[in-house]
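Here's the structure we're looking at; comments come further down.
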Amino acid sequence: MLYRESGQYKTTYSADQAIFTIPQDRVFFALMLLVAFVGIPLVATDYVYTALLIPFLCLSLAALGLNILTGYCGQLSLGTGAFMGVGAVAAWNIATRIPDLNLLVVFALAGMITAAVGMFFGLPSLRIKGFYLAVATLAAQFFLPWLFVKWGWLTNHATSGVITAPHLNIFGWEADTPLEKYLFALGVVALLALAAKNLVRSNPGRQWMAIRDMDIAAEIIGIRPVVAKLTAFAVSSFYIGVAGALYLFVYLGSTEPDGFGISLSFQALFMIIIGGLGSILGSFLGAFFILLLPIFLTRVPPMLGFDLSTAIVAHLEFMVFGALIVLFLIVEPHGLARLWQIAKEKLRIWPFPY
Amino acid sequence: MSSVTEKKIGDVLLKVENISLSFGGVKALTDISFEIREHEVLAIIGPNGAGKSSMLNCINGFYHPQQGTITYRGEKRKQMRPHQAAKQGIARTFQNIALFKGMSTLDNIMTGRLLKMKAGLFSSAFYKGPAEREQIEHREFCERIIDFLEIQAIRKVPVGRLPYGLQKRVELARALAAEPTLLLLDEPMAGMNLEEKQDMCRFILDVNDEFGTTICLIEHDMGVVMDISDRVVVLDYGRKIGDGVPAEVKNNQAVIDAYLGVQH
Amino acid sequence: MAFFFEVLIGGLMAGVMYSLVALGFVLIFKASGVFNFAQGAMVLFAGLFFVGFSEMGVPTWLSLLLTVAVMVVLAGAIERLVLRHLVNQEGIILFMATIGVSFFLDGFGQTIWGSNVKQLDVGIPTDPIFLMDGDILIQSFDLWAALVAGTLLASLVVFQKTRTGRALRAVADDHQAAQSVGIPLNVIWIIVWAIAGLVALVAGVMWGSKLGVQPAIVGLALKALPVLILGGFTSIPGAIIGGLIIGAGEKLAEVYIGPFVGGGIENWFAYVLALGFLLIRPQGLFGEKLIERV
Ligand SMILES: Nc1ncnc2c1ncn2[C@@H]1O[C@H](COP(=O)(O)OP(=O)(O)OP(=O)(O)O)[C@@H](O)[C@H]1O
Ligand SMILES: [Mg+2]
């Protein structure tokens, strides 16, 4: 009986267009934020931050970026890894070449550079669709990491080829401990997720979805496909670029610039398929799921008395991911996010079946 | 039949001259000329494959005829993309429903309204302020269309789940959201039952009356055509074989032959 | 000049190997409109089973037969478990599903057979052959590969003329029409996927003999994608010619441009070539241009 909307009437369009139209949802969401910003820091250990929460935040942001392009605008990309690399390398260059620049500005610039690169590789989308485009994004995926390595200027001719992130300094606040890094990442991700939600519920989002659902009709009602697709590439790449910068600065610390390979691209794609294509929440759920599954696979079989070698676990992981992708596409293409929504609808009318 | 006395048919809005269109070897249209006048309801009829849809596609810039010219509001058009035609006030519906399946009714209609909306990336991302105000202002307009077409109950339903007849209605709503000057309807009543057809006729006439929208529609149901159109153009095998007021066209021998399937 | 030809021939021969993978893609795409990302994984899968049986001491001909059986069962399983449930879905969904299949097969094959490199020797000679008074060196293996590809192509062409082959083409042209004529779609799909599985087996044996059977084959097989873009998704000759162009192009680029940019361009050259090509001729060399309608 707690989760009901009867008796709640929306009297303005503004209220009807809010992100959470039901007060209980709003309360729930506020609680989630409270847990994320206050609750978790009270209990979590450094291991949880570094092994789970920080990569979760970075990859959620990348998945969110990919979801904007693939889930909302219908343009499939297998270049997410490379674009994260662009963001990381760009942020590293800006931060080391202009040491006093505010870190938030660094991230924003890195995002914009990635957006430009993303738009460039998105140009073929103006002429081709679907899997053709996926092949075109593979060009980015193989070309860009090569460029990071071969173009010495990008890594300041470091002999080891390794780039190491500088200290995080945000308006004088030094984020050094895992907790501080986590809070920083959380802040960035929360802000960008809100902006993404706003985008997809207003004009840009409708343009993207129109192109996704029926591009011919979209053009006939006056949407310019060029504009819609390229803004999707730009916004998506911006998010992925920032995610890449975060990935290097708060998670990896240092990396070889060609570490942004195709497996990251697939990981991000799996996150949005399992989490839910065309759902902001789904990007987070998918990232969480994809990160937890390997941990689950390494931890659980030994508890049940099966001793699996790491190689076998790695192969099993492939199998499980592959099977899950197929399963979700068949059973629930809108992924975990849709399951969550169905659960809520059930709760809303509980205890009646419908 | 709409009474001629109160209805003001205006100047030529769109003029089609000597249009020919072919796909490879198939001649879809051959040397077609006709006019659409302001505020009128013009019907294009003809047997299957006559080239009716292709004609609409030429008018809104989706197909580019090899020959001939189209003059809209006194301006001769060069090769034009569909979105440019939309900007000039030409909206349309499709023979095979072309709604945005993943979106709700309301979102579909709001998408039809995009041409009138300005908020860009940054203000939309921020949302509060101008973008929100704009959303609300245009939402009010779309709600008027929703009331007008009596689809209040399905506002939030994803259009993919709607029955066929309602989908056709939502498509009309989406086209109306752009406040078009010229509305092209490709078989708006195909596959509907009698009651739905009557509703649709009423909506089309109301749009024409209340907003003064010029309408060009394709329809197979001769009863409907005779009832609601001011003028009829008849196509057969890509050629124009008749053009005139309904009564005239009905008695035209060439038209009768075409419909009875006389050998050419 | 002789050096140029040597590089060119080496490239063309490498291209033949890409064509072998691309052929499988085209077969499936033509018949079912499914863009089968898993073709590369199927190559590894077939190769692993073949080597696996051989290593167990099974004679080559029997291993071959057994692997054929495995690939037919696989085709049936894919139809039953995946395709059947996604019939009317959009292309992009099916494509993503085949990515899932690809990962599954990749993991499954390695779970059974392990992930170490397995040498494969089916008796294809590997001694070098010298042409033009010893100026040009080519591997006899490469010639064999070309021969195998040619034979495969010829048998596919012959197959297309058979009753089943014609049925396949009817399905390719129009699913509904084919169904109304009474060709069961499921059966057709299983046949097509089984044939693609056999093509994968041939590719797996060839790739395996050259490089050893190893997981890296899946990544290499990805190069079949730019081949398809060049050749057109629906054209069997396109797959062959596209493969040759890509193979020759990337070898020549590596040798003549590579030194100026630090080498390693073989990894991306094919994709960038395909990308450029997409901008000029999206339907590929031999693909048909579609006019959309509403
Ligand atoms: N995109 C296209 N590619 C090839 N041929 C086309 C295309 N569009 C239309 N045609 C051909 O042009 C001719 C006219 O088609 P059109 O769709 O305009 O007919 P129609 O009068 O709308 O018929 P119907 O009543 O069946 O809707 C047909 O022969 C059709 O096959
Ligand atoms: Mg038509």
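Please read all numbers here as calculations on a predicted model, not as lab measurements. Letters A, B, ... mirror the listed sequences (proteins, then strands); counts begin at 1.
- If you measure heavy-atom distances from A/Leu78 to chain C, the contacts under 4.5 Å come from the side chain alone.
- In terms of heavy-atom pairs under 4.5 Å with chain A, the best-connected choice from C/Tyr271, C/Phe95, C/Phe269, C/Phe233 is C/Tyr271.
- By the 4.5 Å heavy-atom criterion applied to side chains, A/Ile330 and C/Leu86 are counted as neighbours.
- Taking 4.5 Å as the limit, some side-chain heavy atom of C/Leu275 sits within range of a side-chain heavy atom of A/Phe121.
- Contact annotation for C/Phe108: both backbone and side-chain heavy atoms come within less than 4.5 Å of a heavy atom of chain A.
- Judged by distance alone, the side chain of C/Trp268 and the main-chain N or O of A/Ala140 form no donor-acceptor pair under 3.5 Å.
- Interface residue A/Leu277: only side-chain heavy atoms are found under 4.5 Å from chain C.
- When side chains are defined from C-beta on, C/Ile99 does not count as touching A/Ile325, because their heavy atoms never get closer than 4.5 Å.
- Note that CG of C/Leu278 and CG of A/Leu133 are 9.0 Å apart. Values are rounded to the nearest 0.5 Å.
- At a heavy-atom cut-off of under 4.5 Å, chain A is reached by C/Phe35, C/Phe37 from residues 34-41 of chain C, listed in order of number.
- Both the backbone and the side chain of C/Ile93 come within contact range of chain A, each with at least one heavy atom under 4.5 Å from a heavy atom of that chain.
- Side-chain contact between A/Leu329 and C/Leu94 is absent, with no heavy atoms from C-beta onward closer than 4.5 Å.
- Using a 4.5 Å cut-off between heavy atoms, A/Leu327 makes no contact with chain C at all.
- Interface remark: A/Ile273 contributes side-chain atoms only to the contact with chain C (heavy atom separation under 4.5 Å).
- When side chains are defined from C-beta on, A/Phe270 counts as touching C/Phe103, because their heavy atoms get closer than 4.5 Å.
- Contact check for C/Gln110 versus A/Ile312: no side-chain heavy atoms found under the 4.5 Å cut-off.
- For chain A, no part of C/Ile112 is nearby; none of its heavy atoms comes within less than 4.5 Å.
- Remark: C/Asn267 CG to A/Trp146 CH2 distance equals 10.0 Å, nearest 0.5 Å.
- No more than 12 heavy atoms of other residues, nucleotides or ligands shown are found within 6.0 angstrom of CZ on A/Phe120.
- A 6.0 Å sphere centred on CZ of C/Arg281 holds more than 12 heavy atoms belonging to other residues, nucleotides or ligands.
- Between the CD1 atom of A/Ile272 and the CE atom of C/Met96 there is a distance of 7.0 Å, given to the nearest 0.5 Å.
- A/Lys150 and C/Gly263 get closest at one heavy-atom pair: CE-O, 3.3 Å.
- If you tally non-hydrogen atom pairs under 4.5 Å between each of A/Glu317, A/Gln141, A/Met319 and chain C, the highest count goes to A/Met319.
- Across C/Thr111, C/Asp106, C/Leu105, a single residue satisfies side-chain contact (heavy atoms from CB on, under 4.5 Å) together with A/Phe318, and that is C/Asp106.
- Between the CG atom of A/Leu324 and the CZ atom of C/Phe104 there is a distance of 10.5 Å, given to the nearest 0.5 Å.
- The environment of C/Glu55 atom CD is dense: over 12 non-hydrogen atoms of other residues, nucleotides or ligands sit within 6.0 angstrom.
- The contact between C/Phe29 and chain A is made entirely by side chain atoms (from C-beta outward), counting heavy-atom distances below 4.5 Å.
- Contacts between A/Leu126 and chain C at a heavy-atom distance below 4.5 Å are absent for every atom of the residue.
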